[in-house]
There are 2 protein chains.
Amino acid sequence: MEGPRVGVLARRISESTVRRLSFYLRILEEAELGGVGTISSEELAERAATTAAQVRKDLSLFGSFGKRGLGYAVRQLATELRDILGLDRSWRVALVGAGRIGSALFEYPGFRRRGFEIVAVLDADPNKQGKCWRGVLVRDVAELEHVLRAERVEIVILAIPAPAAADVSARAVAVGVKGILNFAPMQLRVPAGVAVKDVNMVMELEALSFALTQAGRTPWG
Amino acid sequence: MEGPRVGVLARRISESTVRRLSFYLRILEEAELGGVGTISSEELAERAATTAAQVRKDLSLFGSFGKRGLGYAVRQLATELRDILGLDRSWRVALVGAGRIGSALFEYPGFRRRGFEIVAVLDADPNKQGKCWRGVLVRDVAELEHVLRAERVEIVILAIPAPAAADVSARAVAVGVKGILNFAPMQLRVPAGVAVKDVNMVMELEALSFALTQAGRTPWG
DNA sequence: CCCGGCTTGTGAAGTTCTTCACAAAGATAG
DNA sequence: CTATCTTTGTGAAGAACTTCACAAGCCGGG
């Protein structure tokens with residue numbers, strides 16, 4: 001009804017834009033809960049800690065969703081963004097690594113709320129295998145290929161130590177997984193067409209350390 | 001002995017550069033363990049999934065650490081990078097939120113290994129308060145200011161739900177904390193001079209969802 | 001001691017991302 | 001119905017980041 005979606009996507013969308021789109025969506029959903037019907041790029045920008053021009057530019061990459069003089073319809077824009085981000089469906093996710101981080105991720109309600117369903121859990125430790133986590137059996141990581149296929153897994157979360165990550169990643173890719181969320185502190189090598197996102201908490205702390213160190217070294221600290 | 005450190009830092013260092021520096025450091029430490037004495041920008045680039053020119057540019061922002069015709073001395077460059085990143089010391093960290101994520105973070109050995117010492121844990125839940133985690137008492141978050149001051153905390157990790165994050169963040173900043181690692185899915189507002197890093201796992205999954213959705217929509221999927 | 005091969009450090013060019021600024025268009029009031 | 005006010009969408013300008021390309025410097029061999 002509005003601008004075309006698919007055709008527009010010839011241009012490459014930057015990672016920062018995608019990150020902001022996620023952010024806008026979260027803000028819109030909050031606003032909708034608060035009963036807000038319409039929102040301007042200015043308001044959206046303020047809550048997302050960016051500029052109004054940036055908001056409009058980001059959205060304009062995918063179409064024309066606003067009304068001049070009025071702003072954006074909150075509910076409609078949220079729907080558009082969910083559609084753009086591929087969140088208008090659910091994703092079948094496997095969690096590899098049933099240690100502390102894996103277990104925290106499994107219990108985290110935010111994933112399911114967004115349609116990411118953890119349909120399989122795997123671990124190399126025999127003591128963890130066979131346990132049942134809220135209806136999901138913890139399987140042997142040796143069965144990875146079988147489980148991924150049987151459960152039609154699309155995204156794999158790696159919550160395992162670095163040395164094991166490369167192997168598991170390669171095997172997952174080999175059976176057709178196209179998305180990996182990697183918590184292991186190492187760079188995964190994947191063929192083109194496979195998306196990897198890294199979450200590296202130590203690196204984030206190191207960036208803080210750098211910032212704090214700089215502050216101490218510069219006069220405007 | 002080499003180029004000056006402090007003087008060079010007039011120019012702003014981009015976030016991506018800092019991220020890569022952390023990465024280089026990790027690679028160098030691996031190489032050192034492997035007994036490698038010298039490494040070229042080319043090799044470093046390959047392992048960090050970037051380009052040789054990028055590596056040299058990043059490093060050149062802080063000085064001249066290499067030898068032409070030879071490369072970089074692994075051990076020496078690692079030391080330089082630790083110094084640049086402020087990792088030649090230890091940091092006193094408080095963890096707010098003793099839930100699943102908080103507990104996983106507390107147990108994660110990577111933090112301590114890099115000099116980030118969790119010297120205080122706080123939670124709002126009376127059932128968790130009073131417990132002892134490896135020698136660290138879980139305190140009431142109501143005592144935040146007192147604990148942060150008493151323990152001389154420099155960095156706070158927020159592993160609490162979004163609604164509580166803004167309040168705790170403001171109180172931490174008020175007693176002089178200059179660095180915050182935020183796991184809550186919300187944008188914190190902090191005054192200039194305070195560094196915030198966000199870790200948002202749902203957003204990372206959403207970025208994967210976008211990438212996978214795009215792949216399906218484009219011919220070169 | 002000199003020469004050829006290799007690798008750094010860095011201006012310049014190229015690319016990508018962000019901000020500016022304004023025409024176009026819908027809303028509202030009179 | 002017109003005038004005015006608001007806000008979008010978007011070329012163009014500007015800023016930031018990356019890649020190129022090459023002079024300068026170091027090493028090892030003859």
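Labels below follow one simple rule: chain letters A, B, ... track the order of the sequence lines, proteins then strands, and each chain is numbered from 1.
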**Q** Looking only at N and O atoms, is any donor in the side chain of B:R68 or the base of C:dT7 less than 3.5 Å from an acceptor on the other one?
**A** no
**Q** In terms of the angle between their ring planes, are B:W91 and B:F116 parallel, tilted or perpendicular, with boundaries placed at 30° and 60°?
**A** parallel
**Q** Considering only side-chain heavy atoms of A:K67, which listed nucleotide, D:dC17, C:dG26, C:dC17, is closest?
**A** C:dG26
**Q** Using a strict heavy-atom distance below 4.0 Å, which residues from residues 49-57 of chain B are in contact with DNA chain C?
**A** B:R56, B:K57
**Q** Within this structure, what is the CD1-to-P distance between A:I13 and C:dT18, rounded to whole angstrom?
**A** 12 Å
**Q** What is the distance, to the nearest angstrom, from the CG atom on A:L59 to the P atom on D:dT7?
**A** 16 Å
**Q** Find the distance A:E15:CD to C:dT18:C1' and express it as a whole number of Å.
**A** 17 Å
**Q** Write down the distance between OH (B:Y72) and C1' (C:dG9), rounded to a whole number of angstrom.
**A** 7 Å
**Q** Find the distance B:F62:CZ to C:dT8:C1' and express it as a whole number of Å.
**A** 18 Å
**Q** May I ask you to decide whether B:R92 forms a salt bridge with B:E151, counting only side-chain N to carboxylate O separations under 4.0 Å?
**A** yes
**Q** Within this structure, what is the CZ-to-C1' distance between A:F65 and D:dT7, rounded to whole angstrom?
**A** 17 Å
**Q** Using the salt bridge (charged side-chain N to carboxylate O under 4.0 Å, His left out) rule, collect all pairs that involve residues 23-39 of chain B, keeping only residues at least two apart or in two chains.
**A** B:E29-B:R82, B:E29-B:R114, B:E32-B:R75
**Q** Just to be sure I understand the geometry, which residues of residues 19-48 of chain A put a non-hydrogen atom under 4.0 Å away from DNA chain C?
**A** A:R20
**Q** Of the non-hydrogen atoms in B:G99 and B:D123, which two are nearest, and what is the gap between them?
**A** N-OD2, 3.8 Å
**Q** Give every residue pair that meets the side chain to side chain donor-acceptor pair (under 3.5 Å) criterion with at least one member in residues 185-199 of chain A, sequence neighbours excluded.
**A** A:E15-A:K197, A:N182-A:D198
**Q** Between C:dT18, C:dA27, D:dC17, which one does the side chain of A:L70 approach most closely?
**A** C:dA27
**Q** Compare all side-chain heavy atoms of A:L181 with those of A:L158 and state whether any distance is below 4.5 angstrom.
**A** no
**Q** Tell me the salt bridge (charged side-chain N to carboxylate O under 4.0 Å, His left out) pairs involving residues 38-65 of chain A, sequence neighbours left out?
**A** A:R20-A:D58
**Q** How about B:I13 and B:V18: do any of their side-chain heavy atoms sit closer than 4.5 Å?
**A** yes
**Q** List in chain and number order the residues that pass side chain to side chain contact (heavy atoms under 4.5 Å, CB included) with B:A73, two or more places apart in sequence or in another chain; answer none if no residue qualifies.
**A** B:Q76
